[in-house]
Amino acid sequence: MMESQKYAIVDLETTGHSPANGDRMIQIAIVIMKDWEIERTYTKFIHPGKTIPSFIQDLTQITDEDVKDALPFEAHADYIYELITDCVFVAHNTDFDLSFLQAEFKRAGLPKWQGKKMDTVELAKILFPTSLSFKLGDLAADLNIELTNAHRADDDARATAELFKQCWKELLGLPQLTLEQMHKRSFRLKSNLAQLFFEALQIKRQHVTTHDNISYYRNFAICDGRKTHTNKLELTAFPQTATDKESLMAKAMPNFEQRPAQFAMMDTIWQALNDKEECVIEASTGIGKTVGYLLPAILYARTHNKKIAISTYTAHLQEQLVEEELPKIEKILDTKVNIAVLKGMQHYIDLTRFEQYMAYADESYDDTFTILQLLVWLTKTETGVLSELNVSGGGQLFLEKIRKMPDEKPSKGFDFYEQALKNSETADCIVTNHSMVLSDLVRQTPIFTQIDGWIIDEAHQFIQSAMQQDETVLSYTQWKYVFGQIGTMEDTALFQQFSQAAKKKQRVPMQSLQRLDKQFIRLQRVFDETIQRAVQSMQQQLGKQVGRKCTLFLEDVSLAKEPLLHVSKLLQQWLDLAIEAGQAFENDIEQLDKNEIFILSEWHYWIREMKLKVVEWEEIFLSPQEDNSVWLEFDLRSIPGSLCVYKKPINVTPIIGKVLAPLRQQASIVWTSGTLTVPGNERFVTRQLGISDSVQVVQLQAPPAYYAGAKAYIVTDMPDIQHVTQDEYIEAVAQAITRTVRMTEGRCFVLFTAQDMLRKTVELIQDSELLDDYMLFAQGVTGGSRMRILKSFQKFSHAVLFGTNSFWEGVDVPGDALASVIVVRLPFSSPEEPVFKARAKHLADQGRNSFNELSLPEAIMRFKQGFGRLIRSSQDKGAFIVLDRRISTKSYGKEFIKALPPIDVKKLQLPELLKELSNWQK
């Protein structure tokens with residue numbers, strides 16, 4: 001019998017990253033594991049022969065005092081070398097630990113250590129592909145691995161050993177087919193994980209296990225998430241009185257506190273659903289809005305045997321609804337609710353295309369890695385929604401290729417999107433998003449025809465969604481990328497592969513391929529010339545402005561119609577020839593081999609991309625633009641590379657009206673949000689949504705006691721941005737933020753209106769090193785999506801999050817995770833922002849005041865939403881701090897203050913504010 005493998009799980013703490021630049025080890029820990037049990041551990045402090053930098057002392061809590069009696073590495077080198085001989089070297093990022101250790105061995109006069117290595121970062125990314133972060137501390141928290149002192153070698157090495165063991169268990173839990181597919185690809189990985197996959201596969205082959213919820217899609221295993229539906233149980237009647245409601249809720253929620261506004265919301269919605277009417281409810285934080293609409297909606301669906309749809313704007317709220325709020329309702333009503341989540345088709349994986357990519361051997365490391373992540377994910381996901389995955393940038397490109405697309409042929413096997421549609425047919429309640437509702441208008445077979453009642457949550461965002469739905473973006477780099485992927489006969493791109501495969505078996509006539517090639521070369525030349533002329537026109541328009549981002553409206557750039565039409569015509573001609581060649585290739589009598597199927601599938605994919613480009617070109621340059629704003633954005637330092645052309649509607653009310661007309665005839669619609677009105681302009685949002693003025697806006701506010709923990713402060717001694725340079729202003733902002741954060745000990749949101757100011761402020765704070773002991777997360781600076789940044793922020797008590805527009809709302813930070821919100825500037829849209837500029841001009845042309853009717857109400861809405869981040873329960877305490885002095889010097893400032901709930905608002909200078917915060921903390 002083969003002797004079982006020994007693993008040395010190693011973690012080092014060092015004075016820095018580079019042994020060549022004199023960085024040295026300060027602690028080493030080695031855990032020896034055999035048969036997945038820890039045999040022994042070795043840990044030593046090491047004297048680095050130099051002072052430990054203070055940021056390393058902060059990070060590791062290892063001080064000069066700790067290492068003062070320790071021996072240098074040379075004293076331990078022989079023993080360590082011996083200890084890890086004949087072991088597989090395992091670390092959480094072997095690139096760092098192993099190369100550092102090799103450099104130290106070399107310095108100590110030892111030969112290079114020889115052996116295999118396994119990286120737990122690489123392994124965890126494959127086996128836990130939906131984890132938000134692959135840092136050791138985050139994985140340990142997710143997997144319930146004890147890690148008391150992160151960045152201490154002994155604790156980190158033990159946690160890495162535990163993580164390694166959990167990965168092994170995870171591997172053994174995978175279906176045999178999945179392991180076979182993984183093993184086949186694992187030789188391309190950066191560490192020797194192939195050996196581990198092979199061992200798991202051997203064990204699997206000896207113990208054949210059945211998976212209850214696994215089915216097989218030809219070449220891989222998938223989780224069969226098909227729901228078995230519960231029988232509809234007898235239901236409670238709608239609780240009419242406050243007492244009925246209270247006893248119903250208290251049964252399921254032991255600490256239930258009655259909220260009159262929540263009960264009022266339930267009654268209003270129950271009435272609207274039964275009378276098939278439209279209603280609008282502004283429900284402030286603290287009234288329990290979600291349960292307030294779910295209870296009457298679910299009861300209505302069940303008692304009338306009808307379907308209810310709930311539409312939200314953010315994926316975050318969708319998740320919250322399904323994972324947190326619906327279980328509460330099930331508990332209250334003592335019944336299972338049959339729910340289906342429905343997203344747009346392109347959110348789902350196309351299993352057929354994925355299979356084609358798997359069959360094709362020529363993969364990059366990123367492709368291989370993403371395929372491994374997908375193989376594991378497919379055994380777990382019940383939805384098939386690709387956004388569940390956490391993949392690298394290269395992985396994202398791969399995901400784009402395997403999304404489900406509208407003009408794909410219907411799938412032969414199991415299909416997640418079809419499954420979601422099927423689930424929605426039998427559901428009591430469909431949870432979807434605004435863009436899905438808006439695109440139902442253009443779907444060949446609308447899917448929302450059987451719905452009796454709509455709840456549109458985050459209702460003000462329906463406007464934003466309609467804008468995005470109707471926007472067109474043309475990016476020069478994107479066009480060149482598509483051209484580059486297709487290529488000519490001379491390039492090593494797709495067309496060369498296609499023509500070689502076609503010539504080999506004479507699938508497509510040679511002259512057809514040559515015509516296609518010539519047409520493509522001509523198309524690229526004319527496209528480049530047309531863009532070049534546009535660039536010259538833009539440069540003339542701007543004169544000598546150098547090195548900055550610019551915006552120009554399309555009407556200010558003189559573009560001749562003829563060349564634009566020419567590009568469109570050449571595109572269409574190329575497409576006709578390409579479709580014809582694809583059909584000839586496909587219709588050839590001879591059976592296609594795996595490689596040819598892949599090439600043909602790629603050919604279809606890029607034809608579809610080119611069709612989208614034709615639509616883009618015609619929408620932007622050749623369609624009438626009366627109701628749209630069309631503008632160009634570019635950076636003069638990199639043109640045409642940075643050129644993007646945008647087209648957005650100025651007024652979305654008619655678009656929304658068109659979508660809602662059929663819904664209004666057959667169903668009741670309930671619009672709700674935390675912010676739907678602004679002081680003095682109650683119908684600012686409802687008019688844009690096309691809701692009749694006869695529909696009353698019901699405003700529901702939490703009782704004043706709910707906000708008892710909140711205080712608002714206006715800092716009066718900030719400089720006036722009009723009277724100082726931008727650098728001086730940013731310096732003052734950075735100082736105010738730094739001092740406030742230190743006083744509240746982090747847990748702070750800092751809200752900006754411009755990415756540029758955010759970036760410069762964060763850089764200045766980082767350079768000052770005054771917040772070095774805090775975790776700083778910044779939108780557009782820290783990598784990752786909004787949700788990922790938010791979840792990372794919530795994991796640290798000493799953390800600060802810097803965000804722009806999208807962090808002003810829809811972001812939930814429960815309880816102690818947030819102590820203060822700092823508003824750097826009142827959230828007015830930039831007057832130069834093109835859509836805003838076009839909308840303002842549209843109002844001015846009608847003789848209306850664009851500041852009062854657009855600029856001010858929009859800013860007040862965002863301001864209200866910014867405050868809404870702070871207090872999410874009656875136990876919360878928080879400071880809302882405004883650094884923009886306009887709130888106390890301009891006449892409109894009081895409108896902002898009026899929009900806040902009834903809380904204490906103080907105007908004071910920064911030193912006084914810090915004193916207040918200090919007393920409050922105590």
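Both backbone and side-chain heavy atoms feed into the values below; hydrogens, waters and symmetry mates do not. Only a predicted model underlies this, so the values are computations on that prediction, with no experimental measurement involved.
- Counted by atom type alone, Thr314 and Glu458 present one or more donor-acceptor pairs between their side chains at under 3.5 Å.
- Checking Gln722, His723, Arg825 one by one against Tyr729, the side-chain contact (heavy atoms from CB on, under 4.5 Å) holds for a single residue, Arg825.
- Arg259 places a side-chain N or O within 3.5 Å of a backbone atom of Gly286 that can act as its donor or acceptor partner.
- When the options Glu858, Glu895, Glu282 are evaluated for a salt bridge (charged side-chain N to carboxylate O under 4.0 Å, His left out) with Lys864, the one that passes is Glu282.
- Ring to ring, Phe880 and Phe863 are close: their centroids are under 6.0 angstrom apart.
- The aromatic rings of Phe752 and Phe802 lie tilted to each other, with the angle between the two planes from 30° to 60°.
- A side-chain N or O of Thr804 and one of Gln779 form a donor-acceptor pair less than 3.5 Å apart.
- Residues Thr60 and Gln27 have side chains that never bring a donor and an acceptor to within less than 3.5 angstrom of each other.
- A side-chain N or O of Gln726 and one of Lys760 form a donor-acceptor pair less than 3.5 Å apart.
- Side-chain contact, Ser133 with Asp138: a donor N or O sits under 3.5 Å from an acceptor N or O.
- In the model, Gln909 has no side-chain atom that pairs as donor or acceptor with a side-chain atom of Thr716 under 3.5 Å.
- The backbone N or O of Thr312 sits nowhere less than 3.5 Å from a side-chain atom of Asp457 that would complete a donor-acceptor pair.
- Inspection of the Gln468 and Ser465 side chains reveals no N or O donor paired with an N or O acceptor under 3.5 Å.
- Judged purely by atom type and a 3.5 angstrom limit, Asp97 uses its side chain to pair as donor or acceptor with the backbone of Leu12.
- Residues passing the ring-ring contact (aromatic ring centres under 6.0 Å, His included) test with Tyr707, sequence neighbours excluded: none.
- A donor and an acceptor atom, one from each side chain of Glu325 and Thr290, are nowhere located under 3.5 Å apart.
- A distance-only check finds no donor-acceptor pair linking the side chain of Ser673 to the backbone of Leu676 [under 3.5 Å].
- When the ring-ring contact (aromatic ring centres under 6.0 Å, His included) test is applied to Phe256, no partner is found at least two apart in sequence or on another chain.
- For His434, the ring-ring contact (aromatic ring centres under 6.0 Å, His included) partners at least two apart in sequence or on another chain are Phe462.
- Between Phe851 and Tyr892, the distance from one ring center to the other falls under 6.0 angstrom.
- Under the 3.5 Å distance criterion, the side-chain polar atoms of Arg886 are left unmatched by any main-chain donor or acceptor of Gly893.
- No donor-acceptor pair under 3.5 Å is formed between the side chain of Glu633 and the backbone N or O of Thr551.
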